Number of protein chains: 2
Amino acid sequence: MGNKMVIADKNVELKIRAVGLKPTRQRIGLARLLFIGCARHVTADELFAEASESGVPVSLATVYNTLRQFVDVGLLREVLAGPERSYFDTDVSHHHHFFHVDENRLEDLPPGSISIDDLPNAPAGSKIERVDVVVRLTRK
Amino acid sequence: MGNKMVIADKNVELKIRAVGLKPTRQRIGLARLLFIGCARHVTADELFAEASESGVPVSLATVYNTLRQFVDVGLLREVLAGPERSYFDTDVSHHHHFFHVDENRLEDLPPGSISIDDLPNAPAGSKIERVDVVVRLTRK
DNA sequence: ATTTTAATTTAGAATGCTTCTAATCCATTG
DNA sequence: CAATGGATTAGAAGCATTCTAAATTAAAAT
């Protein structure tokens, strides 16, 4: 049990090393929260609160820095669900989201939902970086 | 010519009245910029700059108030393209967008692009408000 | 081990967009 | 034309995020 934890920690450290970042205490702590267990959607604030509660010594600035770095190296994906704040998804595979407007919460679309046909050509001089689909939900 | 302008102004005033808002100098001025001519995508800042240049006496606060009110009454649609700022679309019909990441600029998808099949059911207790598709573009 | 080096973290300030406040203004009504 | 209640405003405040410059720390070199 304690054994499993140590192994997971090692994996997390390797994961950070693998993308060319130094495995600092802060990055390891945040990566454990993000990557051990199920896929998740977090905001900077949420992750900072969680880190504080679970004793990971980290400042809010570092949470922002780390999230951005993890996105840059492909460990996280930033999901653009609204203009108020950024969401980060530990599942970097191509998929889309529900956004619960009343709760500011993201949820994955059930697999197999939404297939996009007739994707348009990019205008001259541009290329498609990606296609985001957000299904906005309100309380019934 | 001056005649056409006057007619357009009257239409704009009626449009504002029709949704239950007082046709003040500011709202009429902003509505003329927004609704006379082709459909457009603006940010609060852009509209404020344009109003200032063209002699519409309005403060930035009122631009924000007015945009929000116009969205509330269905005269405008807010487009969620990224976390940095809000975009407002004078075309309130159901359609989707290109977003030029390098220029912070929206553009309508060509008509007929993107048909969404297999729209998922909303989770229990929620209902689908709308589906946003944003095709993000970078320079080639 | 110790020192060195360069990257990382940090608190706090700064930024950018948006909303709020409370005082003034003005479109409408009687 | 005066009264009234909504609209506008400047400026402050709020919030998410980034920046800055100083202190810390992981890794490399000795």
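Here is how names work: the chains are called A, B, and so on, in the same order as the sequence lines, proteins then strands, and each is numbered from 1. Everything numeric here is computed off the predicted structure, so don't read it as measured data.
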- Note on the structure: chain A reaches DNA chain C, atoms under 4.0 Å from its heavy atoms, from dA7(C) to dA11(C)
By side chain to side chain contact (heavy atoms under 4.5 Å, CB included), which residues pair with [X], not counting sequence neighbours?
{"X": "S59(A)", "answer": "A61(A), T62(A)"}
{"X": "Q69(B)", "answer": "L21(B), R27(B), N65(B), T66(B)"}
{"X": "D45(A)", "answer": "T43(A), L60(A)"}

Taking the side chain as every heavy atom from C-beta outward, state whether [X] and [Y] have any pair of such atoms under 4.5 Å apart.
{"X": "V56(B)", "Y": "Q26(B)", "value": "no"}
{"X": "L109(A)", "Y": "F98(A)", "value": "yes"}
{"X": "P123(A)", "Y": "H100(B)", "value": "yes"}

- Message: OP1 or OP2 of dT18(D) versus the side-chain N and O atoms of Y64(A): is any pair under 4.0 Å?
- Response: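 Y64(A) to dT18(D) OP1/OP2: no side-chain N or O under 4.0 Å.
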- Which residues satisfy the ring pair (Phe, Tyr, Trp, His ring centres under 6.0 Å) test with Y87(B), sequence neighbours excluded?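 In terms of ring pair (Phe, Tyr, Trp, His ring centres under 6.0 Å), with neighbours along the sequence ignored, Y87(B) is linked to F99(B).
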- Query: Excluding sequence neighbours, so at least two apart, what forms ring pair (Phe, Tyr, Trp, His ring centres under 6.0 Å) with F35(A)?
  - Reply: F70(A)
- Using a heavy-atom distance cut-off of less than 4.0 Å, which residues of residues 74-86 of chain B contact DNA chain D? none
- Closest nucleotide of DNA chain C for R27(A) versus for R68(B): which of these residues is on the 5' side?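 Mapping each residue to its closest nucleotide by heavy atoms, the 5'-most match is R27(A).
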Table of protein N/O atoms under 3.5 Å from nucleotides 20-28 of chain D N/O atoms:
residue : atom : partner : partner atom : Å
dA27(D) : OP1  : R17(A)  : NH1          : 3.4

- Query: Are E46(A) and R85(A) within salt-bridge range, i.e. N to O under 4.0 Å?
  - Reply: no
- Any pair counted as ring-ring contact (aromatic ring centres under 6.0 Å, His included), so long as it reaches residues 120-140 of chain B, sequence neighbours left out: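 Output for this query is empty, none listed.
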- Query: When the distance from CG of L67(B) to C1' of dA7(D) is rounded to whole Å, what number comes out?
  - Reply: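 Rounded to the whole Å, the gap is 15 Å.
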- Note on the structure: note: L21(B), atom CG; dT8(D), atom P; distance rounded to Å ~ 9 Å
- Residues passing the salt bridge (Lys or Arg N to Asp or Glu O under 4.0 Å) test with R17(B), sequence neighbours excluded, are E13(B)
- Message: So if I take residues 39-60 of chain A and measure heavy-atom distances to DNA chain C, which residues fall below 4.0 Å?
- Response: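 Hits under 4.0 Å, by residue number: P57(A), V58(A), S59(A).
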Distance-only donor-acceptor pairs under 3.5 Å for side chains of residues 75-82 of chain A, two or more places apart:
residue : atom : partner : partner atom : Å
R77(A)  : NH1  : S93(A)  : O            : 3.3
R77(A)  : NH1  : H95(A)  : O            : 3.1
R77(A)  : NH2  : H95(A)  : O            : 3.3
E78(A)  : OE1  : R68(A)  : NH1          : 3.3
E78(A)  : OE2  : S86(A)  : OG           : 2.6

- Query: Between the side chains of H97(A) and D132(A), does any donor sit under 3.5 Å from an acceptor?
  - Reply: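 Side-chain D/A pair, H97(A) to D132(A): absent.
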